[in-house]
Each structure stands twice: as C-alpha cells, then as structure tokens.
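Heads up, the thing below is written out as structure tokens.
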Amino acid sequence: MIKGIIFDLDGVICFTDKLHFAAWKQAVEPLGIAFDEQTNDKLRGVSREQSLEIILRQNNVTLPAERKAAICRVKNEIYKSLLCDMSPADVESDVRQTLIELNKLGVKLAVGSSSKNTKFILRRLDLTKFFDAVVDGEMILRTKPDPEVFLKAAELLCLSPCDCLVVEDAVSGIDAGNAGGFVTVGIGAAANYSATRHPIRKLSEVLTLV
Ligand code: B16
Ligand code: MG
C-alpha cells in the first residue's frame with residue numbers, strides 16, 4: 001500500500017524550464033558559448049554545476065574551477081530574479097487540487113529536488129504547507145540518478161521506499177527512484193521512458209495509485 005509520495009519539483013509541481021533556459025542563455029552566450037533548447041533538455045534533473053559541465057562539453061570548452069563557479073553564480077542570480085516574477089497563480093489548478101486531495105487522504109508528501117532553490121520556489125508558490133518534508137540540492141552529496149535525494153526524503157517521512165511513489169519528469173529521476181526501490185511514476189518526458197513503472201499525463205492521476 002502506498003503511504004507516501006515524493007515529488008520532484010521542476011517539471012512536476014512547477015514549470016521553471018523556460019526560466020532555467022533563459023538564465024543559462026543570458027549567462028553563457030555573452031562568453032561566446034552556444035546554448036539551445038536541445039542542450040536545455042539534457043539539463044532536466046541535473047545539478048547546476050553538472051549542467052554547466054554539459055554545456056561546456058557541447059562547446060568543447062574547458063574552464064578553470066573559479067570561472068565555472070562564477071558562471072554558476074551569475075546563472076543563479078539571473079534565475080532567481082526570474083523566479084521573483086512567479087506567484088501562487090502560476091501553480092496549475094490540477095497540481096494544487098491534487099495536493100489538497102492527498103493531504104485530505106492523509107498520504108505523507110515530500111519534495112525531492114536537485115534544485116538548491118527549492119525552498120524559495122515553494123514559498124513563492126505558497127506550496128510549502130502541503131509537504132511533510134523537503135529535501136533539496138543543498139542537502140545531498142550525489143545528484144540524480146543517485147537515489148540519495150529520495151532516500152533522504154523517505155527517511156524524513158519515516159517510510160520505506162517500497163511504500164512510496166516517486167513522481168518525476170526526468171529520466172535521471174526515474175533511474176534514481178528505481179535504484180532506491182521506490183515505485184516510479186513518470187510525467188512529461190518521463191512518461192515515455194521504458195523504466196517508468198506508472199506513466200501519467202497529469203498529476204491528478206496519482207490519486208488512482210494511492
Ligand atoms: P538549481 P528538479 C532541477 O530540479 C532542474 O530540473 C534542473 O534543470 C536544474 O539544473 C537543477 O534542479 C538545479 O537547480 O540551479 O536551482 O539548484 O527537476 O530536480 O526539481
Ligand atoms: Mg524535474
């Protein structure tokens with residue numbers, strides 16, 4: 001029986017893809033580094049630092065650690081300023097309604113995200129109150145497809161992985177969920193991934209799995 005659900009943030013609860021894209025573009029293009037939608041697709045669920053590594057590899061560019069750290073800082077400043085335009089009205093009604101229903105059913109809920117901006121985003125969207133635990137990029141050593149983020153969330157919920165759904169939009173997140181022994185649910189791009197246990201088209205479909 002499913003007792004808990006661990007949600008990925010970007011691409012599941014909220015949709016910040018376009019903001020990440022705009023911020024990376026503004027951070028790297030002035031340096032002569034190319035960045036397009038195809039590369040952006042490869043960054044889903046990947047940490048900020050690893051995202052930059054992917055962008056640099058695509059461009060055959062190598063940079064010293066300090067330069068890379070500076071670029072990541074600039075990207076995040078731009079990204080955070082874009083996040084400031086988000087409000088509770090940006091949460092899809094299907095998402096908010098699903099969280100309300102799950103709270104009523106007494107299912108324990110957590111967020112498991114690679115993003116170091118998770119808590120900031122949840123506050124801006126007025127979603128913090130729905131979750132019993134939040135594990136973000138600040139709290140883990142290994143990024144997805146390592147299951148650390150989800151294992152930590154299950155531990156905070158005091159549940160076994162096999163009693164929890166992991167809902168993800170990224171292939172790396174589904175791999176992380178499966179590696180941790182969770183029941184995986186894929187939405188968006190992850191709905192078409194062969195290793196996804198339960199593909200869904202909209203978040204409210206998780207209500208049929210609890
Ligand atoms: P930040 P998720 C991930 O969040 C995003 O999908 C990914 O594109 C981003 O690079 C990563 O967070 C790090 O985000 O720069 O805010 O720390 O999908 O795991 O919720
Ligand atoms: Mg995601």
Side-chain angles (χ1 to χ4, degrees), residues 5-28 35-58 68-84 86 91-92 95 109-125 127-128 131 133-153 165-177 179-180 182 184-193 196 200 203 206:
I5 306 183
I6 305 168
F7 296 93
D8 171 53
L9 182 68
D10 290 327
V12 173
I13 297 292
C14 64
F15 301 90
T16 50
D17 235 41
K18 283 198 172 69
L19 308 186
H20 278 296
F21 178 68
W24 277 123
K25 220 173 161 56
Q26 285 180 53
V28 301
F35 182 65
D36 58 17
E37 297 265 7
Q38 266 173 322
T39 309
N40 195 50
D41 284 345
K42 297 193 178 115
L43 310 185
R44 215 166 275 138
V46 174
S47 74
R48 198 180 309 158
E49 293 72 19
Q50 283 179 340
S51 296
L52 180 58
E53 293 297 344
I54 292 171
I55 296 168
L56 294 178
R57 209 176 309 132
Q58 295 270 128
K68 291 193 276 193
I71 296 171
C72 284
R73 259 196 315 277
V74 169
K75 184 267 174 175
N76 198 48
E77 275 162 24
I78 301 167
Y79 180 56
K80 279 194 92 168
S81 72
L82 296 172
L83 287 177
C84 286
M86 289 203 329
V91 180
E92 287 184 359
V95 170
L109 304 184
V111 171
S113 169
S114 307
S115 174
K116 292 180 177 156
N117 294 298
T118 297
K119 293 185 176 102
F120 180 74
I121 295 170
L122 290 174
R123 275 201 304 277
R124 284 228 56 91
L125 299 176
L127 292 176
T128 310
F131 298 100
V134 175
V135 181
D136 66 14
E138 298 280 12
M139 299 161 73
I140 53 170
L141 297 173
R142 296 172 299 279
T143 194
K144 302 166 189 175
D146 189 286
E148 184 183 8
V149 69
F150 297 135
L151 291 173
K152 204 156 257 178
L165 300 177
V166 157
V167 188
E168 260 290 349
D169 70 311
V171 162
S172 61
I174 294 292
D175 288 342
F182 295 88
T184 52
V185 180
I187 195 165
N192 303 317
Y193 181 41
T196 294
I200 59 171
L203 201 66
V206 296

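Just so you know, residue 1 is the first one in the sequence shown, and it goes up from there. Order of appearance sets the numbers: ligands from 1, and atoms from 1 within every ligand. Owing to the predicted nature of the structure, the values given are computational and were not obtained by experimental measurement.
- Contact check for N117 versus R48: side-chain heavy atoms found under the 4.5 Å cut-off.
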* V135/F150 under side-chain contact (heavy atoms from CB on, under 4.5 Å): CA gap, chis, key distance, verdict -> CA-CA 8 Å; V135 181; F150 297 135; over 6 Å; no
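- Looking at F131 and I13, their side chains come closer than 4.5 Å, going by heavy atoms from C-beta outward.
- Around ligand 1 you find D8, L9, D10, H20, L43, R44, G45, V46, R48, S51, K75, Y79, S113, S114, S115, K116, N117, K144, each with a heavy-atom distance below 4.0 Å.
- Of the listed residues (Q58, K25, R57), just one forms a side-chain contact (heavy atoms from CB on, under 4.5 Å) with T39, and that residue is Q58.
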Could you list the donor-acceptor pairs under 3.5 angstrom formed by side chains in residues 166-176, with sequence neighbours left out?
unit_1 : atom_1 : unit_2 : atom_2 : d
E168   : OE1    : A170   : N      : 3.1
E168   : OE2    : K144   : NZ     : 2.7
D175   : OD1    : Y193   : OH     : 2.6
D175   : OD2    : Y193   : OH     : 3.3

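- The side-chain heavy atoms of E53 and E49, taken from C-beta on, include no pair separated by under 4.5 Å.
- A salt bridge (Lys or Arg N to Asp or Glu O under 4.0 Å) check over residues 10-24, counting only residues at least two apart or in different chains, returns the pairs D17-R44.
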* Asked: Can you check side-chain contact (heavy atoms from CB on, under 4.5 Å) on I55 and L43, steps first, answer last?
  -> CA-CA 9 Å; I55 296 168; L43 310 185; 4.1 Å; yes
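- Distances from the Mg ion (ligand 2) under 2.8 Å pick out these protein N/O/S atoms: D8 OD2, D10 O, D169 OD1.
- Across all their heavy atoms, V185 and T196 have their closest contact at C-CG2, 4.1 Å.
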